[in-house]
Amino acid sequence: MAEKHFKYVILGGGVSAGYAAREFAKQGVKPGELAIISKEAVAPYERPALSKAYLFPEGAARLPGFHVCVGSGGERLLPEWYKEKGIELILSTEIVKADLASKTLISAAGETFKYHILIIATGSTVIRLTDFRVEGADAKNILYLREIDDADKLIDVIKAKKNGKAVIVGGGYIGLELSAVMKINNLDVCMVYPEPWCMPRLFTAGIAAFYEGYYANKGIKIIKGTVAVGFTSDANGEVKEVKLKDGRVLEADIVVVGVGGRPLTTLFKGQVEEEKGGIKTDEFFKTSVPDVYAVGDVATFPLKLYNEIRRVEHVDHARKSAEQAVKAIKASEEGKSVEEYDYLPYFYSRAFDLSWQFYGDNVGETVLFGDSNPASPKAKFGTYWIKDGKVVGAFLEGGTPEENKAIAKVARLQPAVENLDQLTNEGLTFACKI
């Protein structure tokens with residue numbers, strides 16, 4: 001098979017790849033210089049839609065509606081856009097070997113791709129219960145959600161098991177968003193997770209109490225403090241029951257597992273420096289190997305605001321890190337410099353009529369403010385995190401765009417606060433006056 005040569009190769013076809021391609025186009029990439037190699041069959045799209053509008057029973061989102069870069073209010077990059085720009089989209093192609101020393105990638109079909117500069121944008125893969133040899137975890141209708149194919153399988157099963165029982169394993173992002181969307185699809189929903197409250201990596205007990213109460217009011221059953229240890233299936237091999245560690249057995253027509261992800265770095269093991277589970281980069285997303293960059297979920301990078309290095313799994317960072325890497329590549333080619341990456345951590349979620357945003361760092365003491373009663377017709381509440389006398393993080397449910405900007409500003413500026421009572425009493429006003 002003939003080798004294909006490109007000046008730039010983006011390995012991975014997710015959010016980062018699409019935003020990197022747009023930045024390359026802005027920087028004047030020439031036709032034939034850039035290729036995106038993706039194992040998915042479609043052009044880069046906004047992955048967050050898969051756990052939200054893509055699964056709605058009515059008015060569902062469909063491609064080409066959510067190709068990048070619509071998620072950040074940008075232009076929608078259809079497959080034709082790549083063609084017009086002379087960017088080669090190499091889809092349905094899995095790379096099985098990467099030799100960074102010889103700048104060579106080899107696909108499962110035996111194709112060879114050579115590059116001058118590589119951007120690793122491989123993202124994450126879901127953690128599967130079969131990885132832990134959980135009994136019966138290979139039954140039909142035990143599903144995961146990462147790619148569009150996964151979402152299509154889920155839609156088929158939702159239709160086949162109309163008004164059935166769904167068990168959601170996991171109480172994080174995916175667990176909360178999928179429980180909501182399953183309920184909207186008229187399924188009987190039960191969430192199971194081992195932690196004392198949902199989203200424990202971000203939520204305080206006070207924040208979580210609101211969402212757990214709201215979900216319970218919607219008819220979603222929540223079982224905490226235990227895990228799924230096995231599954232039984234019927235004669236067709238379809239999941240029938242979920243066995244919990246505490247001895248309970250739950251009926252299930254559908255099981256969706258959301259217990260986290262792993263960055264896809266296996267191809268590069270032993271070839272590039274790693275740290276904190278990811279590929280170590282500098283503030284321009286350069287790795288320890290010349291001409292190799294890493295962005296998005298796989299990158300462990302310097303978080304300037306907190307003077308530490310971190311790996312961040314979120315779409316906002318996937319977009320921004322990709323743009324930063326391309327700017328840095330083009331600047332270095334032209335002998336120019338680019339500002340170092342100065343990222344403010346940002347997370348958000350939408351489910352039912354709820355919408356929250358978080359900015360900054362969730363460390364230190366906390367203050368809960370506002371109306372966090374799950375029964376309120378329009379609850380609006382938030383939390384500040386305070387460390388060393390400064391506000392370092394802020395969370396807000398039900399905020400307006402202006403209010404969300406205000407909490408972002410607080411997290412960025414880290415204003416000093418004399419006592420926590422001031423924050424409790426002022427609440428959102430504190431952020432809005434900064």
Side-chain angles (χ1 to χ4, degrees), residues 5-30 33-38 44 87 95 97-105 113-124 262-345:
H5 292 251
F6 298 95
K7 187 174 182 182
Y8 313 105
V9 166
I10 300 166
L11 181 55
V15 171
S16 283
Y19 281 76
R22 182 178 68 167
E23 190 58 39
F24 268 117
K26 273 187 199 168
Q27 300 282 349
V29 73
K30 293 184 180 70
E33 285 188 334
L34 172 63
I36 294 173
I37 304 175
S38 172
I87 297 168
I95 296 299
K97 186 164 188 268
D99 186 338
L100 301 184
S102 66
K103 299 189 170 186
T104 306
L105 305 171
F113 303 96
K114 302 281 264 187
Y115 61 83
H116 174 56
I117 291 175
L118 176 68
I119 298 179
I120 300 168
T122 42
S124 295
R262 280 196 196 98
L264 283 165
T265 58
T266 315
L267 281 172
F268 315 102
K269 290 276 178 220
Q271 301 185 70
V272 65
E273 204 176 323
E274 293 189 51
E275 195 158 337
K276 294 189 175 178
I279 296 169
K280 189 179 179 184
T281 77
D282 65 9
E283 58 273 32
F284 308 110
F285 295 97
K286 283 160 76 172
T287 70
S288 59
V289 178
D291 299 326
V292 177
Y293 293 72
V295 297
D297 287 5
V298 297
T300 301
F301 65 97
L303 197 50
K304 187 180 172 184
L305 196 57
Y306 308 121
N307 196 28
E308 61 179 72
I309 71 162
R310 281 196 200 169
R311 198 173 63 77
V312 174
E313 292 180 9
H314 195 262
V315 67
D316 181 59
H317 166 66
R319 293 167 180 150
K320 288 174 178 166
S321 59
E323 291 169 345
Q324 171 75 353
V326 176
K327 284 173 184 165
I329 288 165
K330 298 307 279 185
S332 70
E333 287 175 352
E334 293 162 11
K336 295 176 183 171
S337 62
V338 63
E339 280 185 35
E340 56 192 39
Y341 195 60
D342 188 9
Y343 186 65
L344 174 67

>> Let me confirm one number: the CD-OG1 distance from E274 to T287, rounded to the nearest 0.5 Å.
In response: 10.5 Å
> Can you tell if the side chain of H116 reaches within under 4.5 Å of the side chain of D291, non-hydrogen atoms only?
Replying inline: yes
> Does a sphere of radius 6.0 Å around CD in E339 hold more than 12 heavy atoms from other residues, nucleotides or ligands, not counting ones at 6.0 Å or beyond?
Replying inline: no
> Is the shortest heavy-atom distance from the side chain of P345 to the side chain of Y306 under 4.5 Å?
Replying inline: yes
> Step by step, would you call F268 with T266 a side-chain contact (heavy atoms from CB on, under 4.5 Å)?
Replying inline: CA-CA 5 Å; F268 315 102; T266 315; over 6 Å; no
> So which of L105, I120, I36 actually passes side chain to side chain contact (heavy atoms under 4.5 Å, CB included) with V9?
Replying inline: L105
> Within the side chain of S124, is there an N or O that forms a donor-acceptor pair under 3.5 Å with the backbone of D297?
Replying inline: no
> Considering residues at least two apart in sequence or located in another chain, which fulfil the ring-ring contact (aromatic ring centres under 6.0 Å, His included) criterion with Y293?
Replying inline: none
> So which heavy atom on G296 is nearest to which on S321, and how close?
Replying inline: N-OG, 3.0 Å
> L34 and I10: side-chain contact (heavy atoms from CB on, under 4.5 Å), yes or no, with the steps?
Replying inline: CA-CA 8 Å; L34 172 63; I10 300 166; 3.8 Å; yes
> side chain to side chain contact (heavy atoms under 4.5 Å, CB included) with S38: which residues, sequence neighbours excluded?
Replying inline: E40, L91
>> Just to verify, what does E323 make a side chain to side chain contact (heavy atoms under 4.5 Å, CB included) with, not counting sequence neighbours?
In response: Y19, R22, E23
> With a 4.5 Å limit on heavy-atom distance, are the side chains of I117 and E333 in contact?
Replying inline: yes
> For the residue pair T265 and G277, what are the closest heavy atoms and their distance?
Replying inline: CG2-O, 4.5 Å
>> Y341: which residues meet the side chain to side chain donor-acceptor pair (under 3.5 Å) condition with it, sequence neighbours left out?
In response: H317
> What is the minimum heavy-atom distance between A299 and T281, and which atoms define it?
Replying inline: CB-CG2, 4.0 Å
> Tell me, do F24 and I119 make a side-chain contact under 4.5 Å, heavy atoms counted?
Replying inline: yes
>> Run the salt bridge (charged side-chain N to carboxylate O under 4.0 Å, His left out) test against K327 and tell me which residues pass, sequence neighbours left out.
In response: none
> Does the side-chain contact (heavy atoms from CB on, under 4.5 Å) test come out yes or no for V312 and F301, once each step is laid out?
Replying inline: CA-CA 9 Å; V312 174; F301 65 97; 3.8 Å; yes
> Can you name the side chain to side chain donor-acceptor pair (under 3.5 Å) partners of Y343, sequence neighbours left out?
Replying inline: D316
> In chain order, what residues pass the salt bridge (charged side-chain N to carboxylate O under 4.0 Å, His left out) check against D342, with sequence neighbours excluded?
Replying inline: R412
>> Treating S288 as the side-chain partner and E273 as the backbone partner, does any N or O pair qualify as donor plus acceptor under 3.5 Å?
In response: yes
> Under 6.0 Å from the NZ atom of K330, do we count more than 12 heavy atoms belonging to anything else shown?
Replying inline: yes
> Within a strict 4.5 Å, meaning less than it, do heavy atoms of the R319 and V15 side chains meet?
Replying inline: yes
>> For L267, give me all partners under side chain to side chain contact (heavy atoms under 4.5 Å, CB included), at least two apart in sequence or on another chain.
In response: L11, I95, A98
>> Which residues pass the salt bridge (charged side-chain N to carboxylate O under 4.0 Å, His left out) test with R311, not counting sequence neighbours?
In response: E313
> Which pair of heavy atoms, one from A322 and one from S16, lies closest together, and at what distance?
Replying inline: CB-O, 3.2 Å
>> Is any side-chain heavy atom of Q271 closer than 4.5 Å to one of V289?
In response: no
> What residues form a salt bridge (charged side-chain N to carboxylate O under 4.0 Å, His left out) with E340, not counting sequence neighbours?
Replying inline: K304
> Can you check whether V338's main-chain N or O pairs, donor with acceptor, with Q324's side chain at less than 3.5 Å?
Replying inline: no
>> The criterion is side chain to side chain contact (heavy atoms under 4.5 Å, CB included); which residues satisfy it with K336, sequence neighbours excluded?
In response: A331, E334
> Listed by chain and number, what are the side chain to side chain donor-acceptor pair (under 3.5 Å) partners of S102, not counting sequence neighbours?
Replying inline: D99, T104
